[in-house]
Structure formats: structure tokens, C-alpha cells
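Computed from a predicted structure; not experimentally measured. Note that these values count all heavy atoms, side chains included, but never hydrogens, waters or copies made by symmetry.
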Amino acid sequence: MYALRPYQKEAVDQTLKHFRKDRNPAVIVLPTGAGKSLVIAELAKIARGRVLVLAHVKELVEQNHSKFVSYDLSAGIFSAGLNRKDKEEKVIFGSIQSVARAEDNFFEGFSLLIIDECHRVSDDEDAQYVQVIEKLKRYEPNICILGLTATPYRLDSGWIYQFNHRGLMRTEDPRFFKKCIFDLSLRKMIDDGFLTPPIQIDAPVAHYDFSSLKIKSNNGKYLISDIEQVLKDQKRVTPGIVNSIVQMSKKRKGVIIFTASVRHAEEILTYLPKGISQIITGETPNEERDLIIKNFKNQNLKFLVNVSVLTTGFDAPHVDLIAILRPTESVSLYQQIVGRGLRLSEGKTDCLILDYTGVAHNIFSPQIADDKPTEDSVPVEVSCPMCEHVNDFWGLTTEDGQVVEHFGRKCRGAIQDPDSLEIIPCGFRYRFKNCENCNAENDIAAKVCSSCDSLLVDNDTKLREAMGSKDAHILRPDTMTFEKRIDKSGKERLEVRYYDLDAQYLSEIFYINDQIEAKAFYYNFVRMHNRIPELSYEIDTVDKVLGLKKKFRMPLFVIARKHNEFWKIREKIFR
């Protein structure tokens with residue numbers, strides 16, 4: 001028999017605990033190489049009723065089934081690609097494509113559905129997973145549904161579940177999977193010795209320049225045509241890149257090269273050593289593909305070039321060099337690619353990660369749902385002043401890692417009521433705009449007030465209206481200055497000036513000589529300009545403002561209106 005690692009046992013225990021009380025679909029998140037097959041095997045073994053284990057490719061079906069039967073357990077396979085259509089066994093490992101076409105009586109009697117690589121489950125009513133689940137529920141309405149994945153994030157829709165067991169609200173939008181009941185970080189797996197340490201080398205020697213690429217397709221991915229145009233323009237770089245890979249791999253056993261397109265892969269293959277190099281694409285016939293993978297796993301091949309077909313469901317532990325020659329749209333995809341080389345293998349001490357794209361992700365970075373606001377933004381941790389939950393946001397840091405500004409809008413902390421199972425978000429807002437009708441706090445991008453349903457004017461509308469008005473002056477600041485001045489009556493005052501590239505400026509005056517004036521300064525300036533909005537400062541003099549000036553952010557636009565003969569700032573628009 002087999003022995004579960006401690007984290008695998010915990011994943012199983014948390015699954016049992018969840019379904020004893022809650023029949024909402026749940027997710028387990030384990031990094032590539034963490035042994036999801038063992039977790040699946042244990043759950044299938046101890047389940048009281050029938051178990052259906054689904055995967056999207058035959059390699060995963062075969063891999064999970066082989067692991068299960070290797071422990072002297074019995075199970076069937078339902079997969080046309082594997083030439084088997086077993087129906088009677090207690091445990092069935094099936095491909096979603098084949099199971100979706102099965103006769104109705106196949107779905108009878110299952111009490112547990114396990115979906116491997118569950119980030120592929122779509123909410124689309126016509127999707128095969130949705131159809132299969134509906135058929136299973138006709139026979140067993142209370143069927144337990146568990147998903148497993150290393151990357152619980154979809155480029156087209158974001159997080160695949162709502163609530164994380166650590167008290168984190170991933171999204172308030174409806175999701176098929178309600179809760180992540182167990183997860184484990186890639187870093188902890190490596191630190192605990194369960195995965196091979198990666199050695200990441202960015203842009204070694206030569207590299208492509210994909211900086212001009214923009215995501216245009218509605219699924220959150222780069223267009224292949226755009227990628228191929230970039231590669232065509234930089235064709236002379238490819239031989240140098242491949243030569244670099246060959247040189248770096250001299251003492252390596254197995255090399256996987258991730259390319260951007262079929263044409264790109266075919267070009268790369270021409271520069272690799274003959275006889276020990278091969279290519280796999282989505283167009284490779286199944287029998288040929290199986291033979292290539294077998295030869296690679298047996299180490300008869302050293303270099304395996306592929307186009308988006310080996311990111312999941314591929315297990316070759318000897319791989320100790322990953323070369324990335326395609327731009328990756330997300331941290332999740334990047335981690336999937338890197339994960340192909342992190343499995344443990346005898347004699348393997350590390351895995352080289354060679355990134356030739358010039359736009360590498362940090363292997364250990366968290367997945368942040370919001371778009372990266374600036375080129376120099378990095379993931380930062382921000383504690384909530386209300387619930388103390390630590391959020392992952394985009395932000396700016398000093399060289400020593402100190403956070404000087406973050407772009408978080410709302411705390412993602414939440415709690416789950418142990419009795420009703422209701423998920424209650426924290427709700428603290430770092431950045432917000434007030435409704436002019438009821439003064440309620442709303443997300444800065446909201447169109448309608450969450451409290452009174454009044455329409456909220458967005459920044460684009462404000463700019464358009466100002467541009468069309470003769471009495472409005474719009475300035476895009478390049479510099480923001482703070483100066484202490486003395487008025488005619490001898491009182492100190494603060495003048496904040498916003499200069500554009502042509503040295504034109506707009507300014508605003510603040511007095512901070514008593515408690516009332518200090519409060520007015522807070523509401524009219526500090527609240528909007530604070531680079532770390534959850535922090536508060538005791539400001540009761542102009543000198544204190546001057547000492548804190550680096551704590552304040554500059555707006556993207558300043559809109560002023562004519563007041564008598566002068567321009568008076570009325571609106572400030574921030575990122």
C-alpha cells in the first residue's frame with residue numbers, strides 16, 4: 001500500500017470535514033508535483049458509494065488510473081482515447097469528452113465526482129462538464145463534487161472559487177466552486193523538500209522582445225498572429241537562443257522547450273541536435289505523440305519542443321531544464337509551465353528555468369486578479385486595518401522592499417458563519433468614491449451606487465464633460481510641489497501646485513492652523529492623495545505636511561473651473 005504525505009492526508013481530512021456538513025462543490029489547490037493522484041486514490045478508496053474521476057486529456061486519465069491500481073485497487077476506465085468503456089466498477093476514471101457522450105444509465109449511483117484540472121470547468125450551460133454534472137445529479141442530487149488543480153484561475157473569468165479556507169474572498173461573483181478547502185504554496189513544497197528547487201535565469205544571452213504585445217482576444221490571451229509577427233520581426237534572435245539552450249543543457253538530462261506557435265516550434269527544431277530532439281503540437285497524431293512521449297520519458301530523447309500541450313497532464317520527473325520561448329499571460333500559466341520540471345527524481349538537485357521572453361513572472365508570485373496598473377508595480381502584502389487580513393495587491397516598493405504605495409481597492413478578507421455557512425466579506429475599502437446622493441462608499445469603478453442605486457459619474461465622463469466645457473481647464477500633472485507660504489495677515493498656508501510638461505500649473509491653498517482646518521485638509525486632500533490609504537497621519541501644521549510629502553500620490557488629471565478670474569480645482573482623477 002501507499003503512505004500519504006502529511007499535507008496529502010490533511011487534504012483528504014479537509015475534504016471529509018467539508019462534505020459532512022456542506023454539499024457545495026469544493027476545490028483543493030496543490031502545486032504540480034504535489035501528488036494529486038494519491039489524494040484522488042485515497043478519497044476514491046474510502047468513499048462509500050461509486051466514484052467518478054474526470055480529466056480533460058487521456059494522459060491524465062491513464063496517469064490517475066495507473067496510480068490507483070498500482071496500490072492493488074480495482075477501477076475502470078471510460079475513455080475512447082484509451083479504447084476502454086468500463087461501466088460497472090465502483091471507481092471509474094474517465095475523460096470528459098467520452099463521459100459526456102455516455103448513455104444515461106452510465107451516470108447512475110455515483111456519490112462522489114472528482115474533477116482533475118478543475119480550472120477547466122466553465123459556467124457555460126453548453127459545456128461538457130455542466131452537462132455531465134446535471135446528468136449525475138438526476139440520479140444523486142446530493143452528490144459530492146471535488147475539484148483539484150494547481151492553478152485555480154482562468155484568464156477569461158478570474159478565480160474559479162469564491163472563498164478560501166484561510167479567510168480570503170476571491171470574488172463575490174457567482175462561481176460553480178464555492179470554497180477552496182485546502183491549498184499549499186509552491187514555496188512551502190520546495191522548502192519542505194517535496195519539489196525540486198528551481199533556478200530561474202531571466203533573459204540569458206539573447207531574448208525576444210514581446211513588450212509590444214497587448215492582450216486583444218476576449219479569453220485574456222495574446223493573439224497567435226500578433227506573436228508570430230513579433231517572432232518574424234526578430235527571426236535572427238532564434239538561432240542564438242537555441243544555441244544558448246543547448247549549451248546550458250550539456251549536463252542536463254531532460255529539456256522541455258515551450259514555444260509560441262507551430263511555425264515557431266518547427267523553426268526551433270531545425271537548430272536542435274538531430275536524433276535526440278522531437279516536437280509535439282496539437283496536430284501531432286495520437287500514436288506518434290504517445291511514442292514521442294515514451295521515448296522522452298525513457299530518455300532516448302533529450303529535447304522536447306511543444307506548443308501548449310505539455311502544460312498539464314504530463315509527468316516526466318527527470319526533466320531538469322525548462323526553456324520558455326513564449327510570452328505567458330498570467331502567473332498561473334507560468335507556474336504550470338515551470339511545474340513540469342519540479343518533480344523529484346533520483347540524482348536531480350535542481351531545475352534550470354531559462355526565460356527568453358524578457359517578460360518573466362516570479363515563480364512564487366501570487367495571482368492578483370486586477371490588471372497590473374504600472375510597469376514598475378510588484379505584488380505587495382497589505383494588512384487590513386479592520387479585520388487584519390493580509391491582502392495581495394499591486395504596489396510600489398523601495399529597493400529594500402518597503403511598500404510606498406499600493407493600488408488595492410477593497411479588503412479581500414472574509415469569514416464563514418459556522419452554522420449557516422454564509423460567507424461574510426470584510427468590506428473595508430482602501431480606495432472609494434462617495435455617492436453624491438447618499439454619501440455611501442463605492443468602488444472607484446462603480447457605475448451605480450451600491451446603497452441607493454443612484455448613477456455614479458465615472459472618470460471618463462468627467463473628462464469628456466470638462467473637455468466640452470469652455471469654463472473648464474484640464475491639466476495632466478508631471479510634477480506636484482508643496483510650499484509653505486504666508487498670507488497677507490501673517491498666517492501660514494500650504495500651496496500645492498500641479499505642473500504639466502509645459503510648466504503650466506494649477507494650485508490649491510490649504511490652511512492647517514486649527515483642528516477644523518486640519519479636518520478639512522484631510523477630507524479635501526489627504527484622503528484622496530494618501531499612497532497607503534489605510535495609514536493615518538497626525539497633521540496639524542504645514543511643516544508636518546512638508547515632512548510627509550512623499551506619502552502623497554499625484555493625480556492623473558486635475559480639472560479646474562473658472563471662479564471669477566481664477567481657476568479653482570474642482571476634480572482630481574487618480575489611477
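- In this structure, K179 and H165 have side chains that are in contact, with non-hydrogen atoms separated by less than 4.5 Å.
- Closest non-hydrogen pair, S79 versus V61, comes out as CB-CG1, 4.5 Å.
- Between F393 and H406, the ring-plane angle classifies as parallel under the 30° and 60° cut-offs.
- In terms of modelled atom types and a separation under 3.5 Å, the side chain of H119 and the main chain of G147 share no donor-acceptor contact.
- Checked for salt-bridge contact, R412 and D370 meet the test: a charged N lies under 4.0 Å from a carboxylate O.
- Defined by atom type and a distance below 3.5 Å, a donor-acceptor pair is missing between the side-chain atoms of D192 and Y7.
- With values rounded to the nearest 0.5 angstrom, D183 atom CG is found 4.0 Å from R166 atom CZ.
- Under the 4.0 Å criterion applied to side-chain N and carboxylate O atoms, D290 and K294 are not assigned as salt-bridge partners.
- Atom NZ of K67 has 12 or fewer neighbouring heavy atoms from other residues, nucleotides or ligands inside a 6.0 Å radius.
- To the nearest 0.5 Å, atom OH of residue Y356 and atom OG1 of residue T259 are 14.0 Å apart.
- Residues A75 and V69 come closest through the heavy atom pair N-CG1, 4.2 Å.
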Tell me, with the steps shown, if R170 and Y161 meet side chain to side chain donor-acceptor pair (under 3.5 Å). CA-CA 7 Å; R170 289 299 195 188; Y161 65 85; 3.1 Å; yes

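- A salt bridge is absent between K253 and E346: the closest approach of a Lys/Arg side-chain nitrogen to an acidic carboxylate oxygen does not fall below 4.0 angstrom.
- Separation of the H318 and F296 ring centroids falls under the 6.0 Å cut-off.
- Taking the six-membered ring where the residue is Trp, Y208 and H264 present perpendicular rings, their angle passing 60° and hence far from 30°.
- Between V29 and V27, the shortest heavy-atom contact is CG2-CG1, 3.8 Å.
- Between R50 and E89, the closest heavy-atom pair is NH2-O, 2.9 Å.
- Annotation: Q299, atom CD; neighbour count of heavy atoms from other residues, nucleotides and ligands within 6.0 Å is above 12.
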